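Both counts, for ligands and for their atoms, begin at 1 and track the order of listing. Below, each value reflects all heavy atoms present in this structure, side chains not excepted, and no hydrogens, waters or symmetry copies. All of these numbers come straight from a predicted model, not from anything done at the bench.
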Amino acid sequence: MCRFEKQSIRNRVLTQEEMDKLGAEVLVSDFKQIKLEEEAQKNWDLFYKRNTTNFFKDRHWTTREFEELKACREFAAQRLVLLEAGCGVGNCIFPLLEDDLTLFVYACDFSPRAVEFVKKHPLYCPERCCAFQCDLTKDDLRQHVPEGSVDVITLIFVLSAVHPDKMTLVLQNISRVLKPGGILLFRDYGLHDHAMLRFKAGSKLGENFYVRQDGTRSYFFSKDFLAKLVEEAGLQPVANDYVLRETVNKKEGLCVPRVFLQSKFTKPSQSRSL
Ligand SMILES: C[S@@+](CC[C@H](N)C(=O)[O-])C[C@H]1O[C@@H](n2cnc3c(N)ncnc32)[C@H](O)[C@@H]1O
């Protein structure tokens, strides 16, 4: 039996052997790194071609978190506006749309296939959703979403897929469409997550940054790194904590230690323009 654990605050402590493994890895060549950056969109689109809508499960924790956020409504019937940045096939948004009938959702992703899956979902309707394709590192979200109009932005396992040098661009982009007083909900891979220690030699791109077999990339966040990035984008921390869990890996028949970083940030009322 796997002991289910939910802790926060401290990060996972590694053994000396694990630390040596992480420190000793040789980086992927510059040539291959440039190619991976150029082909990032293609690799995610192929991911959805192979997996269609079957890879990620619906993310019900956001419904729980969102319950809390709904309390920020000024009046009961207020229509909250949410942006799911990097929506994939909609595993976050559809449980929310089902739960909150007054919600309006913008959803974007840079995989055209993923956006098509969102638009074909039975719960998708243009009165309540607007899905569009965009690269968060370079396409201005204001082409689709009015500046300062969004109450809640969700960024769930998306920033980890972006090159660390471009993460600030993503955060500045989403920050422009967030309302003053609005909330950014973040969840992603945390430093020393089991997935980070499982990468084979030849997968390391940089500090805490790795490439999977299929060419998609993954960064593993420390609290401090994220706090600094988000601050540069003009947002303020409300919560920023590790969530440590042990989950069963059915394939390996093992309990494995997972580390996620779950955070909330707000846009100050008097925010500087970026
Ligand atoms: C792990 S999936 C998460 C999807 C969704 N947020 C969820 O929780 O199910 C990461 C998503 O980020 C998208 N993505 C990666 N880089 C992006 C970028 N630069 N602009 C927009 N989307 C991006 C990928 O296409 C992929 O759908």
Side-chain angles (χ1 to χ4, degrees), residues 36-66 82-97 105-119 121 123-124 129-145 152-177 184-190 193 195-196 205 209-221 229 233 243 258 260-263:
L36 286 168
E37 179 61 20
E38 285 170 357
E39 295 184 348
Q41 180 187 12
K42 185 180 93 184
N43 289 333
W44 272 108
D45 208 47
L46 288 173
F47 172 91
Y48 290 112
K49 185 177 182 190
R50 276 191 310 278
N51 296 300
T52 67
T53 55
N54 300 322
F55 194 83
F56 302 113
K57 291 193 194 121
D58 277 353
R59 301 196 189 279
H60 289 287
W61 70 270
T62 36
T63 347
R64 219 170 38 236
E65 287 286 326
F66 202 65
L82 179 128
L83 165 67
E84 157 79 331
C87 59
V89 295
N91 295 93
C92 271
I93 58 169
F94 291 115
L96 293 175
L97 280 164
V105 172
Y106 290 102
C108 68
D109 199 281
F110 77 164
S111 156
R113 259 193 195 92
V115 173
E116 276 316 300
F117 280 123
V118 169
K119 287 184 172 173
H121 192 285
L123 287 177
Y124 186 89
C129 323
C130 169
F132 57 96
Q133 193 271 333
C134 101
D135 180 345
L136 289 163
T137 67
K138 54 177 183 236
D139 301 327
D140 192 331
L141 279 168
R142 291 173 296 186
Q143 290 168 0
H144 298 270
V145 185
V152 184
I153 298 180
T154 47
L155 195 58
I156 315 293
F157 295 99
V158 172
L159 207 57
S160 54
V162 172
H163 191 287
D165 291 351
K166 296 189 176 174
M167 288 176 183
T168 304
L169 294 174
V170 173
L171 292 166
Q172 288 174 339
N173 200 0
I174 61 175
S175 172
R176 284 187 203 106
V177 297
L184 165 64
L185 265 185
F186 174 95
R187 181 158 163 131
D188 218 319
Y189 299 107
D193 178 41
M196 178 171 173
L205 300 169
F209 194 39
Y210 294 82
V211 59
R212 303 186 186 93
Q213 293 280 347
D214 63 5
T216 62
R217 297 166 299 171
S218 186
Y219 187 86
F220 295 83
F221 288 91
L229 275 183
V243 175
R258 301 307 313 259
F260 304 111
L261 187 60
Q262 189 164 312
S263 316

Legend entry - Contacts of type side chain to side chain contact (heavy atoms under 4.5 Å, CB included), residue Cys87, not counting sequence neighbours: Glu84, Ala107, Asp109, Val118
Inset, instruction - Tell me which part of Cys87 gets within contact of ligand 1: side chain, backbone, both or neither, using heavy atoms under 4.0 Å. - result: backbone
Inset, instruction - Report the distance from atom CG of Leu123 to atom CG of Leu97, rounding to the nearest 0.5 Å. - result: 7.0 Å
Legend entry - ligand 1 contact on Cys108 by region, counting heavy-atom pairs under 4.0 Å: neither
Inset, instruction - May I ask you to say whether Asp214 pairs ionically with Arg212, meaning some side-chain N is under 4.0 Å from a carboxylate O? - result: no
Inset, instruction - Look at the rings of Phe220 and Tyr210 and say which category their plane angle falls in: under 30° parallel, 30 to 60° tilted, over 60° perpendicular. - result: perpendicular
Legend entry - salt bridge (charged side-chain N to carboxylate O under 4.0 Å, His left out) partner of Glu37, chosen from Lys138, Lys42, Arg217: Arg217
Legend entry - atom 20 (N) of ligand 1 - nearest protein heavy atom and its distance: Leu136 N, 2.9 Å
Inset, instruction - Could you tell me whether the side chain of Gln133 and the main chain of Pro112 form a donor-acceptor pair under 3.5 Å? - result: no
Inset, instruction - Name the closest protein heavy atom to atom 23 (C) of ligand 1, giving the residue it belongs to and the distance to 0.1 Å. - result: Phe110 CD2, 3.4 Å
Legend entry - Heavy-atom nearest neighbour in the protein, as seen from atom 13 (C) of ligand 1, with distance rounded to 0.1 Å: Asp109 OD2, 3.4 Å
Legend entry - Atoms of ligand 1, numbered as shown, that sit under 4.0 Å from any heavy atom of Val158: 6 (N), 12 (O)
Inset, instruction - Provide the number and element of each atom of ligand 1 under 4.0 Å from a heavy atom of Thr137. - result: 19 (N)
Legend entry - Check: Ala131 main-chain N/O paired with Tyr124 side-chain donor or acceptor under 3.5 Å: yes
Legend entry - Identity and distance of the protein heavy atom lying nearest atom 19 (N) of ligand 1: Asp135 OD1, 2.9 Å
Legend entry - Top protein contact for atom 9 (O) of ligand 1, by heavy-atom distance: Arg59 NE, 3.2 Å
Legend entry - Protein residue, atom and distance nearest to atom 26 (C) of ligand 1, heavy-atom basis: Tyr48 OH, 3.3 Å
Inset, instruction - Give me the ring orientation class for Tyr189 and Phe157: parallel if the planes are under 30° apart, tilted from 30 to 60°, perpendicular past 60°. - result: perpendicular
Legend entry - Residue part near ligand 1, for Lys166, under 4.0 Å between non-hydrogen atoms: neither
Inset, instruction - Evaluate the side-chain proximity of Cys129 to Ile93: yes if any heavy-atom separation is below 4.5 Å, no if none is. - result: no
Legend entry - Taking atom 6 (N) of ligand 1 as the reference point, the nearest protein heavy atom with its distance: Gly86 O, 2.7 Å
Legend entry - Contact check: Val162 vs ligand 1, nitrogen or oxygen atoms, below 3.5 angstrom: no
Inset, instruction - Please write down residue, atom name and distance for the protein heavy atom closest to atom 10 (C) of ligand 1. - result: Phe157 O, 3.2 Å
Legend entry - Cys134 touching ligand 1 at heavy-atom level, < 4.0 angstrom: yes
Inset, instruction - Mark up the atoms of ligand 1 that fall under 4.0 Å of a heavy atom belonging to Gly88, in ascending order. - result: 4 (C), 27 (O)
Legend entry - Contact with ligand 1 for Glu84, non-hydrogen, under 4.0 angstrom: yes
Legend entry - Whether Asn43 side chain and Thr216 backbone form a donor-acceptor pair below 3.5 Å: no
Legend entry - Aromatic centroids of His121 and Phe94 separated by under 6.0 Å: yes
Inset, instruction - For ligand 1, note which part of Cys92 has a heavy atom under 4.0 Å away: side chain, backbone, both or neither. - result: side chain
